[in-house]
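Inspection log for the structure reproduced underneath, given as structure tokens.
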Amino acid sequence: MKMAHLLAIAIAGTAFVAGSVAVLGWRAPANPTPMEAVWTEVKWPFLLDQWGIGKAFVCMPADCGSRLEVYVRPKIGFCNCSTGVSDDTELERVGDTDLVNPEVRPLGPGRPIRVGWMEGIVRAYRVPGGATDKRLLSVAFNDECDVVVALAGIGNGDPSVARVAVMDFLNSRPMVLWAKRELGLEFVSREW
């Protein structure tokens with residue numbers, strides 16, 4: 001075949017593909033590689049206190065966009081039995097931000113959340129000091145008088161982005177079942 005003939009075939013093929021895309025509306029997916037968070041359990045890094053140790057997890061930047069660390073534990077009988085964790089005052093009373101720094105400053109009001117069948121609050125904080133502006137998410141949710149608290153170290157990440165990943169993790173079936181077991185509800189029916 002001659003070069004001109006090959007060029008004509010190439011142009012016709014390109015025109016066919018372009019025309020098909022235009023007519024059929026083919027396009028690349030909006031998010032071709034969605035990020036799938038992968039959480040790995042690590043050793044509880046804090047000293048033993050009256051609430052004992054909990055579980056600690058990390059999600060690396062390749063899986064979560066930035067390094068996220070989540071520390072979660074139950075506090076049996078420590079929640080306001082009549083209102084639960086329904087406001088920022090109760091979140092600050094039961095939360096674990098003091099494990100990192102007793103001088104944290106809120107970045108705004110808390111937001112209501114739901115984990116499994118339980119309701120609670122999530123709130124972002126700034127950790128003072130240091131060369132970089134570190135942030136935390138404090139989460140607490142309860143079943144009657146018992147509360148589960150989670151603290152998420154999000155580095156200098158965006159709290160609204162980290163909140164989605166952390167809440168998805170806490171709402172995962174293994175974590176909800178863990179919370180149920182830790183709250184002594186292993187054989188009690190709870191729908192979520």
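We number each residue from 1, following the sequence as shown.
Residues Phe141 and Val188 share a hydrophobic cluster, clusters being chains of Ile/Leu/Val/Met/Phe/Trp/Tyr side chains in contact below 4.5 Å. Put simply, Leu137 and Leu91 are part of two different groups of oily side chains (I, L, V, M, F, W, Y) that touch within less than 4.5 Å, one to the next. Two different hydrophobic clusters hold Val139 and Phe78 under the rule that ILVMFWY side chains link at heavy-atom gaps under 4.5 Å. Residues Val147 and Leu99 are members of one and the same hydrophobic cluster, defined by side-chain heavy-atom contacts under 4.5 angstrom among Ile, Leu, Val, Met, Phe, Trp and Tyr. A single hydrophobic cluster is seen to contain both Val148 and Val115, as judged by linkage of ILVMFWY side chains at heavy-atom distances under 4.5 Å, directly or through other members.
Considering all non-hydrogen atoms of both residues, Ala162 and Ile154 come closest at CB-CG2, 3.5 Å. Pairing each heavy atom of Ser138 with each of Gly95, the nearest pair is OG-CA, 4.1 Å. The minimum heavy-atom distance between Ala152 and Val70, with the atom names listed, is CB-CG2, 4.1 Å. For the pair Ile121 and Gly110, the tightest heavy-atom approach, listed with the atom from each and the gap, is CG2-CA, 3.8 Å. In terms of heavy atoms, Val149 sits closest to Lys75 at CG2-CE, 3.8 Å. Minimum interatomic distance between Trp44 and Phe46 (heavy atoms only, all atoms of both residues): CD1-O, 3.2 Å.
Without hydrogens or angle criteria, Asp146 side chain to Gly77 main chain gives a donor-acceptor distance under 3.5 Å. Judged purely by atom type and a 3.5 angstrom limit, Asp96 has no side-chain atom pairing as donor or acceptor with the backbone of Leu151. Although no hydrogens or angles enter the test, the distance criterion places a donor-acceptor pair under 3.5 Å between the side chain of Arg135 and the main chain of Gly157. At distances below 3.5 Å, not a single donor-acceptor pair connects side-chain atoms of Arg73 with backbone N or O atoms of Lys55.
In this structure, CZ in Arg67 is found 13.5 Å from CG in Asn156, a value given to the nearest 0.5 Å. Rounding to the nearest 0.5 angstrom, the gap separating the CG atom in Leu136 from the CD atom in Glu69 is 10.0 Å. With values rounded to the nearest 0.5 angstrom, Asp168 atom CG is found 13.0 Å from Met175 atom CE. Residue Leu47 holds its CG atom at 11.5 Å from CD1 of Ile53, rounded to the nearest 0.5 Å.
In this structure, the side chains of Pro159 and Leu107 come closer than 4.5 Å at one or more pairs of heavy atoms. Side-chain contact between Pro109 and Asp88: present, with at least one pair of heavy atoms (C-beta onward) separated by less than 4.5 Å. In this structure, Trp117 and Val176 have side chains that are in contact, with non-hydrogen atoms separated by less than 4.5 Å. Inter-residue side-chain proximity for Glu182 and Lys180 is flagged as unmet; no heavy-atom pair is nearer than 4.5 Å. Residues Met167 and Ile113 are in side-chain contact: their nearest non-hydrogen atoms beyond the backbone lie under 4.5 Å apart. Using a 4.5 Å heavy-atom cutoff, the side chains of Val58 and Leu68 are not in contact. A 4.5 Å side-chain heavy-atom check between Met118 and Leu183 finds at least one atom pair inside the cut-off. The shortest distance between side-chain heavy atoms of Tyr71 and Pro45 falls below 4.5 Å.
The environment of Arg93 atom CZ is dense: over 12 non-hydrogen atoms of other residues, nucleotides or ligands sit within 6.0 angstrom. The number of heavy atoms from other shown groups lying within 6.0 Å of NZ (Lys134) does not exceed 12.
Between the side chains of Tyr125 and Glu92, at least one donor N or O sits under 3.5 Å from an acceptor N or O.
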Inset, instruction - With salt bridge (Lys or Arg N to Asp or Glu O under 4.0 Å) as the test, would you mind laying out the steps for Glu186 and Arg181 before giving the verdict? - result: CA-CA 5 Å; Glu186 192 170 12; Arg181 187 173 56 252; 5.2 Å; no
Inset, instruction - Could you please spell out the steps behind the side chain to side chain contact (heavy atoms under 4.5 Å, CB included) verdict for Trp39 and Ser172? - result: CA-CA 11 Å; Trp39 294 89; Ser172 68; over 6 Å; no
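Between Cys145 and Cys79, a gap of 2.5 Å or greater is found separating the two SG atoms.
Between Phe169 and Phe57, the angle of the ring planes goes over 60°, which puts this pair in the perpendicular group of the 30/60° scheme.
A side-chain contact (heavy atoms from CB on, under 4.5 Å) with Thr83 holds for exactly one of Asn80, Val85, Asp87; it is Asn80.
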